[in-house]
> 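Pasting in a structure now, in structure tokens, and then I'll have a few things to ask.
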There are 2 protein chains.
Amino acid sequence: MALRKSDVVDAALRFLDIEGLDQLTMRKLGASLNVHGGALYRHFPNKEALLDAVADKIVQDMGDPLPDSPWTDQVEILGNRLRTALLSHRDGARVVAGTFAPGVNTIVGSDMAVQVLCRAGLPPAQAGWVTFALFYYVLGHTIEEQAQRQLPSDNNWRVRNERLDVQVSPQFAVALDSLWDTDPAERFQYGLRVFVEGLSHLAAPSAQQTRPASGDATREAPGKRGNLAR
Amino acid sequence: MALRKSDVVDAALRFLDIEGLDQLTMRKLGASLNVHGGALYRHFPNKEALLDAVADKIVQDMGDPLPDSPWTDQVEILGNRLRTALLSHRDGARVVAGTFAPGVNTIVGSDMAVQVLCRAGLPPAQAGWVTFALFYYVLGHTIEEQAQRQLPSDNNWRVRNERLDVQVSPQFAVALDSLWDTDPAERFQYGLRVFVEGLSHLAAPSAQQTRPASGDATREAPGKRGNLAR
DNA sequence: ACCTGAACACCGTTCAAGT
DNA sequence: ACCTGAACACCGTTCAAGT
């Protein structure tokens, strides 16, 4: 039979979809390949390395060529691409979040994001920081999506919140409800757009400096955007 | 002696600072309280509930009153406050990220963020989405900060990247270096500002509509998602 | 009510021995 | 080279029994 690394990764992905990350143990994964758990250590030094390989396979399409669109669209495409990749396997987001050592696909994808952001006018260092920021947003959002998807419907924030008997503002109550009533994709899109909107103002020299680029946040003169308060 | 819940939480926080999350087991935590591991189940139904309580204690100051500043500053203050709270205990970010059931302090803090964003002009639902987006960013950034802090210096992305022998762009190489050369606080601040900048343009009706406020992102660039549609 | 002692049902990982 | 079988050193959790 002679198992290959890729066989183990494929089996792990299949196992993930059926049983979920919490059930994925070396013994059970081995059993799904008609092999003892210990045998997997011929192919991976430990479970972490195995999951790193699984994570990198999950994000394998991130580096696909981008359409020749405005950079704002390209950033949104990358964000959506990552979300789609994470959602395409059960607990995919948690697996990728737990990655310790980035793999080839992760690096290629990040590189692509950095380049898009540089073309948008960001210095390379800042492009890197922003790439991570976007990554964190997508990961966090998708982890929550996948957690919510597997939750019994009587076990949500709203209910918990009531049980804890905390006084919350009416706005917060509405906000909480919207987490359960609104399509996750729409929520995701909104956050992504906020980010891109901020970038388009900080990255473009012409539109820059509506606020100081650095310095103490508390220093700024009040009232600049006071007209928004209602 | 008669242990209280708060004694256990305090001991867990102390244990965390000394040994880290990976070493925190029920047996060892019990031992640090001169008690067997099983005894902790008189105070918490399971380890998860215990860690939830620890997480909520970590973010206990989030709801402190905010200065009467512009909402942009208030958002940045909340972000910095959360980061500071997470950094104040070893593996604090990972503990909070693993929270299943939000506690009182988490709810109060979120509520505060939602209200700030509503005053900025966002509808409550969107304010909630944005609050989560900010939360994800801070968590992700801080988890990475704390991971980096505990890493041997020969074990970073740059080195890994070379070992994997992936071709990366010169911009990406610079970006990677900056992750190790730049003060994490500065990187954090930058991402926060991008976010706030985006908000200040999406939340204010007057400054809005530099891009469509809603709609399908795919609409602007036809065919771009063909590779994602599985 | 709170804790001990001991067990149950697992883990990840290692390694001599087989093929 | 790859896998088995069995062990090692742990886990979280439960529960009768003690105090």
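Below, read A as the first sequence line, B as the second, and so on, with proteins coming before strands; counting in each chain starts at 1.
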> Whether Arg94(B) and Asp91(B) form a salt bridge (side-chain N of Lys/Arg under 4.0 Å from carboxylate O of Asp/Glu) is what I want to check.
yes
> Short of 4.0 Å, heavy atom to strand atom, which residues of residues 13-30 of chain B count as contacting DNA chain C?
Arg27(B)
> Can you check the Tyr41(A) OH to dT13(C) P distance for me, whole Å?
3 Å
> Starting at atom CG of Leu33(A), determine the distance to atom P of dC2(D), rounded to an integer number of angstrom.
14 Å
> Can you tell if the side chain of Leu24(A) reaches within under 4.5 Å of the side chain of Leu51(A), non-hydrogen atoms only?
yes
> Can Asp10(A) and Lys57(A) be counted as an ion pair, charged N to O under 4.0 angstrom?
yes
> Apply ring-ring contact (aromatic ring centres under 6.0 Å, His included) to Tyr137(B) and Phe195(A), showing your working.
CA-CA 11 Å; Tyr137(B) 170 63; Phe195(A) 215 90; 7.1 Å; no
> Rounded to the Å, how far apart are Arg42(A) CZ and dT4(D) P?
12 Å
> Going through the checks in order, is the side chain to side chain contact (heavy atoms under 4.5 Å, CB included) test met by Val114(A) and Gln171(B)?
CA-CA 7 Å; Val114(A) 167; Gln171(B) 293 97 324; 4.1 Å; yes
> Please determine whether a side-chain nitrogen or oxygen atom of His36(B) lies at a distance below 4.0 Å from atom OP1 or OP2 of dG5(C).
yes
> Please give, in whole Å, the distance from dC2(C) C1' to Arg4(B) CZ?
14 Å
> From CG of Leu51(B) over to C1' of dG12(D), roughly how many Å is that when rounded to an integer?
12 Å
> Looking at Arg187(A) and Glu145(A), does any basic side-chain N land under 4.0 Å from a carboxylate oxygen?
no
> For Phe44(B) and dT14(D), what is the distance between atoms CZ and C1' respectively, to the nearest whole Å?
18 Å
> Hey, are the side chains of Trp129(B) and Tyr190(A) touching, using non-hydrogen atoms and a 4.5 Å cut-off?
yes
> Where are the stems of DNA chain C, defined as at least 3 consecutive Watson-Crick or wobble G-U pairs with both distances under 3.5 Å?
C:4-8 with D:12-16, C:12-16 with D:4-8
> When you measure from the side-chain N and O atoms of His43(B) to the phosphate of dC3(C), is any distance below 4.0 Å, counting only OP1 and OP2?
yes
> Could you check whether the rings of Phe132(B) and Phe135(B) sit parallel, tilted or perpendicular, using 30° and 60° as the cut-offs?
perpendicular
> Find the distance Glu48(B):CD to dC11(D):P and express it as a whole number of Å.
19 Å
> Counting the atoms with a prime plus P, OP1 and OP2 as sugar-phosphate, which does Gly37(B) contact under 4.0 Å by heavy atoms, base, sugar-phosphate, or nothing?
nothing
> For residues Gln189(B) and Asn80(B), is any side-chain donor paired with an opposing acceptor at under 3.5 Å?
yes
> Using atom CG of Leu40(A) as one end and atom C1' of dT14(C) as the other, report the distance to the nearest whole Å.
14 Å
